[in-house]
Structures are given as C-alpha cells and as structure tokens.
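I have placed the structure first, in the form of structure tokens, so that the comments after it can refer back to it.
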Amino acid sequence: MSVIVQKYGGSSVATTEKIKKVAETVIKRQKKGHKMVVVVSAMGDTTDDLISLANGISKKPDKRELDALLSTGEMISSALLAMAIKDMGYEAISYTAYQIGMKTSGQYGKSLIEDLEVEKINKSLKEDKIVIIAGFQGINEIGDITTLGRGGSDTTAVAIAVKLDGICEIYTDVDGIYSTDPRKYSDAKKLKEIDYEEMLELASLGAQVMHSRSIELGQKYGVPIYVGLSCSEIEGTVIREVNNMNMESKPVTGLATSDEDIAVTIKGIEQNINILSNIFEVIGSRKINIDMISQTAPIDGKVNVSFTIPKDDTYECMSIIKQFTEEKNIFIDKDITKFSVVGIGMKTTSGVAAKMFKIFSDNNIDVKLITTSEIRITCAIKQEDKGKAINLIANKFNL
Ligand code: ASP
Ligand code: MG
C-alpha cells in the first residue's frame, strides 16, 4: 500500500476552520486506501509573529533560543490537526522532530537534514493512524532544536517521502507552477510538469513557490513532487525529471523577472585577475550574492567590470569596492530588471538567445547585461521595459 506524504503550508492551516478542512481532505484520501503522513507549517503568519516577539526582546536574538521559539509554531499546528482528525472519529498522532529522530546539522536557522528514523512513523501507519509531523524543525548533534530556514517544511516533507519511499504532495495557496507569474501576464499557462533543474532555476530567480532545498532533495533521490492547491480537485504541477523531450516540447518553459538587484560597474581597473578576485573574495565573504558578472576587453591594460548585487547590499558592497578603487570609477545603476527565460529544451535547441535579442532590438528594449547557463538566459533591462518584454517574449515562446 502506498504511503502519501502531504505538506500543508501556513495559509492552508491558518485558522481552526482551515485545519478542519485539511483534516477532512486527509481522511478522504486515507479512505481511498492510502497510508497518510502529513507535514504541516505553522498557522498563517505565526512564524513572522514569533520573530517579531523575539525582536521585541532583543535586537539580535540568540540564535539557539530563536530556533527553540520558532519551532513552536509547527508544534501548535501539528497537534491541532491531529486533534481535528481524532475529533472526526479517525486515528491520528502528531510527532515533533525529536520524536521521529529528525537529525540536523549546520547552523541554527538554516540547518540541514542529516537523517530521520522511520520506525515510529511506520508503526503508527501500521496501526492505521494518520501521522502528523511538525515541519521546519530538527534536532542537531548536541540535542538542540534547529530550524531549516524559512519555508523549510517543504524540505521536511520531501525528506520523509524519500525515507518512506512515498509519494510527495505539497499543498499551498497557488494551484500549481505557472510558466510565468499570472499577476504579471494574464495568459500565463499552468504547467503539467516541470523539470527539477528548471524549477531550481526559477526558484533562484525569485519564484517563491517552494523551498529550493526540497527540490534538490527530490532530484537527488528521484522523488517527484506534486504541487497543488490545498483541499481542491484542481490539477497542479509535478516537478520531476523531464527527459522525454518530444517534437512539441518547448525550448522555454518559464519566464521570471526580478527588480531586487542593482548593477555595479567599476571602470578602468587594471587587467589583473588578482585585483578582481580580491574584490569578489571580500564581497563573497560578506555573503553578498554577486550575479551577472561581465568584463569588457582590455584597452591599454584596463577593463570595465559590471555585476549585479541585491539592492539591500548596496551600501556594504560600495564600502568594500572603495577599498580597491576611487569612488569616481564606481557606477551604480538602480534601474534594472533581471529578465530570465528558463528551459531544459535550450540544451538541445539553438537560437533561443538570438530570437530573444531580435525581439528586444525590434522593440527598442535596451539590454544592459547578459548572462547565460545551459538552461537559462538572463538579461538586465530597464524597469520601464519589463511589462512590454514579458508580453513579447511570453507570446513568442507560447508561455
Ligand atoms: N513556518 C515556517 C516559515 O514560515 C516554515 C514553513 O512555512 O515551511 O518559514
Ligand atoms: Mg510559514
């Protein structure tokens, strides 16, 4: 009999009414003959509220205690869901990370799952109980409670599905993965399936549907992940390995934009890889995420280098660069939108970039920076061109 591991996000368990609705949905599924494991997030904005509480106590809350505090959110929702199911006359049991030996390592606030014990879960499933597990939390090597990073319950669910050899379903407040944000492009199409790699690229570009590590975990162990609207029959999207490219497969699967970065240009630096690597090393050591690096060809031994960084890191980044060059050589461009298209079809289809640039040039859309990977093309364009670019490219590639 197959085990189904479902995860319900914060908005799906935001109220007691919604928790009851989830309970009904899970029971219905169990009645179809499945063993059910349910991972829950904290109710609604509970995690944000707990963080605010901590900030009210301290400007820099102790990390160990912050994890102890944040883990309580998922304990509340898991106990309530188990209670709701029992109240409806079915068997259920809630478990915290400690109770299922969910072992983590690494730092508080962003710990990694090492392993978990399935004995207790399997025993409860054998007794026909619906097993409810508090997501987002683990226990580290010294026995402290840790959390997996914001949105981490997805990763809890996939890890459990891997260990139980089960089916993984993530339920949230969107009804699947779209080719592009439907709020920005009303014709956006829902995808039936998307490859792990494409999903990871889209997630790194700001498509906040899922915790990235959950996708990596699914990919590593070959567990498909279904993403859909909670308590609904609407068909969602499956994230899996898509390798049977057929004649009608599209080279581009998704489009994403982000206004969260600025472009930095340093002019006239000595063409010396040491200087550049020093600058990037210091920026990297401050955990500032550099992207879209490009360099001009050397003229008289000097080059211009451009890259993007998150807006929020502007001040810190500037103070680092000023240690290496005079301020008059540093230029900041705040008016950029990162515009990306993603598709594993690009590995085998050529000319995607050419088509995109042609459309941009025909429509007077200036491209300031370009980077590519095997399955992604990203251009930095002016923010005012974003809407036009989305329409043109989504139309051209039938997204
Ligand atoms: N409750 C945690 C958060 O809000 C974990 C999760 O939702 O997956 O980040
Ligand atoms: Mg949450």
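Just follow the structure's listing: the first ligand is 1, and inside any ligand the first atom is 1. Just so you know, these numbers come straight off a predicted model, no measurement behind them. When a residue number appears, it is its place in the shown sequence, counting from 1.
- Using a non-hydrogen distance threshold of 4.0 Å, Gly152 registers as a contact of ligand 1.
- Separating the CG atom in Asn329 from the NZ atom in Lys267 is a distance of 9.0 Å, to the nearest 0.5 Å.
- For Glu127, the side-chain contact (heavy atoms from CB on, under 4.5 Å) test picks out Lys123, Lys129, with sequence neighbours left out.
- Residue pairs meeting the salt bridge (charged side-chain N to carboxylate O under 4.0 Å, His left out) criterion with at least one partner in residues 160-171, sequence neighbours excluded, are Arg29-Glu169, Asp115-Lys163.
- In terms of polar-atom proximity, defined here as any N/O pair under 3.5 Å, Gly10 makes no such contact with ligand 1.
- The closest non-hydrogen atom to atom 5 (C) of ligand 1, taken over Met210, His211, Arg150, Glu74, comes from Glu74.
- Ring geometry for Phe307 against Phe280 counts as perpendicular: the plane angle is over 60°, on a 0 to 90° scale with 30° as the lower cut.
- The N/O atoms of Asp154, backbone and side chain alike, include none that comes under 3.5 Å of an N/O atom in ligand 1.
- Of the candidates Ala157, Ser77, Ser153, Ser153 brings a heavy atom nearest to atom 8 (O) of ligand 1.
- The shortest N/O to N/O separation between Thr47 and ligand 1 falls below 3.5 Å.
- One finds no salt bridge joining Asp300 and Lys302 here, because no Lys/Arg side-chain nitrogen approaches an Asp/Glu carboxylate oxygen to under 4.0 Å.
- Nearest heavy atoms, Glu197 versus Gln219: CG-NE2, 3.7 Å.
- Interface atoms of ligand 1 facing Gly151, defined by a heavy-atom separation under 4.0 Å, are 3 (C), 5 (C), 6 (C), 8 (O), 9 (O).
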